[in-house]
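One structure is given here, and the rest of the page talks about it.
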Amino acid sequence: MDINRPANVSFFDFVGGVQLLQGEETRTAMPVVLIGICVSGAVGNLLVLLILIRDFRNKRGSEVKVLLSSLASLDLAILLLCAPVRAVTYYKQTWTLGSFVCSTTDWFQHSCVVAKTLLLAVTTRAKHTLVPSPNTGPPNIPTWIHGAVAFICVVSMMFPIPQMLFASLVPHARDTICVSKMPACAADFMSLFYKIYPTACYVVPVIFTIAYYTKALHTAVNHAPSPQHQSKVTLVLLCLSGALGLMLLPEWGTFTWIRLGYNKPPVGLIIFAQVMVYACSSFSPVILMTMYDDVRQGLIQIWFIASCRGSKLLPSNKCQKTEGNGAEVGANSVENAIAQEGEKTIPDVEHFWTGRRNTQIEVEQDPVPWEREEKML
């Protein structure tokens, strides 16, 4: 990374991943790590989205599930659209993806990261369950939740606009690199902006969300009349908020460090911060699939349906064919299996008890006839 900051700019940073690194180990290891995180996280987020969509179709939606589905969509976009760009950059060590991707890659990634943080903050106002409508239709999800998601998307795309404006391609020897450089004339205004931006989009929402769910969990455990379900959902959202706050801290720290004009942070810290952004998107579905009851039960049902349809050894009548949404396939199949097991009886035991019921003691073979005569008297 042998490049110095030009004299007429206030900061100088690489866009789309650290470039001009020396060493084949980094060039080989970083793409492998990023691709592994990308594939595993994409599969997890796709499963979470599929389960939540099934819940909406089966009239089990809620405001929190709307926000969680939006969160999974943002994680999926980060993993599928941003992580591959970094993997290619680390492998090539120069920029080969054109000016449009250079201008938009950091802007798009930061838009998704900001939207994730604000969505978790909005979950503090969302309800965990919904009451079905009186006409036996699907639950009435208030329109404010869709408006909140749209508003958050617009705001999150506006805050990182300077990253799109300052990104440009710069020739370096025979290659081209993608950098973000801010002119010295805009240093005063942008210095103030880069203090407000991380505070408003990361520090305040994360602290507020964690503090709210910590207090809500304490109240649910100690004072609620039936705290079990409420405390579980609150714990899930608290874990999501805490994981997001911790795993995005290196990214926001290095981002602010560079743009406030301080000495450039170590390259290892910058790489670690970028990896943690994608690890955060891959870790969120793990929390949901292990701690959130609705997602875990939906995952079990999907596994049961997939294994039942994919098995060729089972007779065709063992696997139920679903029409429509097929939400209760797992539960019905398990109940039928238990009922069939309950109806089975060991043949030897059945013959023994049948023989005992049909056995009658003859009068002439009665070994104690005087007891029968006393009972008759």
### Message
Using 0.5 Å steps for rounding, measure from the OG atom of Ser111 to the CD1 atom of Ile152.
### Response
13.0 Å

### Query
Which pair of non-hydrogen atoms, one from Val295 and one from Ile51, has the smallest distance, and what is that distance?
O-CD1, 3.4 Å

#### Entry: Ionic contact status for Lys92 with Asp175, cut-off 4.0 Å
no

### Message
Testing the basics here: between Leu34 and Ala87, what is the closest heavy-atom pair and its distance to 0.1 Å?
### Response
CD1-N, 3.6 Å

### Query
Trp107 side chain to Met157 main-chain N or O, any donor-acceptor pair under 3.5 Å?
yes

### Task
Evaluate the criterion side chain to side chain contact (heavy atoms under 4.5 Å, CB included) for residue pair Gln109 and Arg86; output intermediate values, then yes/no.
CA-CA 11 Å; Gln109 177 170 301; Arg86 268 69 180 176; 3.4 Å; yes

### Query
Are side-chain heavy atoms of Val179 and Phe166 found at a separation under 4.5 Å?
no

### Message
Between Val267 and Val18, does the side chain to side chain contact (heavy atoms under 4.5 Å, CB included) criterion hold? Intermediate values first, please.
### Response
CA-CA 8 Å; Val267 178; Val18 181; 4.1 Å; yes

#### Entry: Pairwise distance SG(Cys201) to CZ(Phe159) - rounded to 0.5 angstrom
4.0 Å

## Note on the structure
Between the CG atom in Leu260 and the NZ atom in Lys195, the distance rounded to the nearest 0.5 Å is 6.5 Å

### Close side-chain approach of Ile270 and Phe14, heavy atoms under 4.5 Å
no

### Message
Tell me whether Val275 shares a hydrophobic cluster with Val39, the cluster being built from Ile, Leu, Val, Met, Phe, Trp, Tyr side chains joined at under 4.5 Å.
### Response
no

### Query
So, Ser241 versus Tyr212: side-chain donor-acceptor pair below 3.5 Å or not?
no

### Message
Closer than 3.5 angstrom, by distance alone: can the side chain of Thr176 be matched with the main-chain N or O of Pro171 as a donor-acceptor pair?
### Response
no

### Query
Please walk me through it: do Val114 and Leu118 pass side chain to side chain contact (heavy atoms under 4.5 Å, CB included)?
CA-CA 6 Å; Val114 172; Leu118 297 180; 4.0 Å; yes

### Message
Main chain of Val101, side chain of Thr105: is a donor-acceptor contact present, judged purely on distance under 3.5 Å?
### Response
no

### Query
Do the side chains of Tyr278 and Val33 get nearer than 4.5 Å, heavy atoms only?
no

### Message
Determine whether a donor-acceptor pair (N or O, by modelled atom type, separation under 3.5 Å) exists between the side chain of Thr254 and the backbone of Glu251.
### Response
yes

### Task
Give the minimum heavy-atom separation between Ala148 and Val122, together with the two atoms involved.
CB-CG1, 4.4 Å

### Task
Would you indicate whether the side-chain heavy atoms of Gln19 and Cys178 approach each other to under 4.5 Å?
yes

### Message
Can you confirm whether Ile177 sits close enough to Leu169 that some side-chain heavy atom of one is under 4.5 Å from a side-chain heavy atom of the other?
### Response
no

### Query
Are Val43 and Leu81 connected, step by step, through hydrophobic side chains (Ile, Leu, Val, Met, Phe, Trp, Tyr) whose heavy atoms are closer than 4.5 Å?
yes

### Summary
So OG1 of Thr199 and CD1 of Ile207: to nearest 0.5 Å the spacing works out to 9.5 Å

### Query
Any donor and acceptor pair, going by atom type alone, linking the side chain of Gln93 with main-chain N or O of Leu21 inside 3.5 Å?
yes

### Message
With side chain to side chain contact (heavy atoms under 4.5 Å, CB included) as the criterion, how do Met289 and Arg296 come out once you've worked through the C-alpha distance, each side chain's angles and the decisive distance to 0.1 Å?
### Response
CA-CA 5 Å; Met289 287 188 289; Arg296 187 170 65 250; over 6 Å; no

#### Entry: Ile78 side, atom CD1; Cys38 side, atom SG - distance, nearest 0.5 Å
11.0 Å

### Message
Check whether Trp95 reaches the backbone of Gly98 with its side chain - one donor and one acceptor, N or O, closer than 3.5 Å.
### Response
yes

### Task
Using distance alone, with no hydrogens and no angle criterion, decide if Gln297 and Tyr292 have a side-chain donor and acceptor under 3.5 Å apart.
no

### Task
Measure the NZ-OG distance between Lys116 and Ser73 for me, rounded to the nearest 0.5 Å.
12.0 Å

### Query
So among Arg54, Lys65, Arg60, which one has a side-chain hydrogen bond (donor to acceptor under 3.5 Å, both in side chains) with Asp294?
Lys65

### Task
Could you tell me whether the side chain of Ser307 and the main chain of Phe304 form a donor-acceptor pair under 3.5 Å?
yes

### Summary
On a heavy-atom basis, the closest approach of Met190 and Pro162 is CE-CB, 3.6 Å

### Message
In the structure I gave you, are the side-chain heavy atoms of Leu67 and Glu63 within less than 4.5 Å of one another anywhere?
### Response
no

### Query
Under 2.5 Å between the sulfurs of Cys112 and Cys82, yes or no?
no

### Task
Verify whether one side chain among Ser281 and Asp75 offers a donor that lies under 3.5 Å from an acceptor in the other.
yes

### Query
Looking only at heavy atoms, what is the nearest atom pair of Leu79 and Ala42, with distance?
CD1-N, 3.6 Å

### Message
Could you check whether His110 and Tyr197, counting side-chain N and O atoms only, form a donor-acceptor pair closer than 3.5 Å?
### Response
yes

### Message
Is there a path of hydrophobic side-chain contacts, each under 4.5 Å between heavy atoms of I/L/V/M/F/W/Y residues, joining Tyr202 to Val155?
### Response
yes

### Donor-acceptor under 3.5 Å (Thr117 side chain, Val113 main chain)
yes

### Any Val286 side-chain heavy atom under 4.5 Å of Met291 side chain
no

### Message
With a 3.5 Å distance limit and no angle check, can you tell me whether Ser282 reaches the backbone of Ala279 through a side-chain donor-acceptor pair?
### Response
no

#### Entry: Atom of Val15, atom of Cys102 and distance for their closest heavy-atom approach
CG1-O, 3.5 Å

### Message
Let me check something: do Val32 and Ile35 share a hydrophobic cluster, defined by ILVMFWY side-chain heavy atoms less than 4.5 Å apart, either directly or through other members?
### Response
no

### Task
Would you confirm whether Tyr90, through its side chain, and Met30, through its main-chain N or O, come within 3.5 Å as a donor-acceptor pair?
no

### Query
Can you hop from Tyr194 to Val203 via hydrophobic side chains spaced under 4.5 Å?
yes

### Message
Which label fits Phe189 and Phe193: parallel for a plane angle under 30°, tilted from 30 to 60°, or perpendicular past 60°?
### Response
parallel

### Query
Under 4.5 Å between any side-chain heavy atoms of Val48 and Leu52, yes or no?
yes

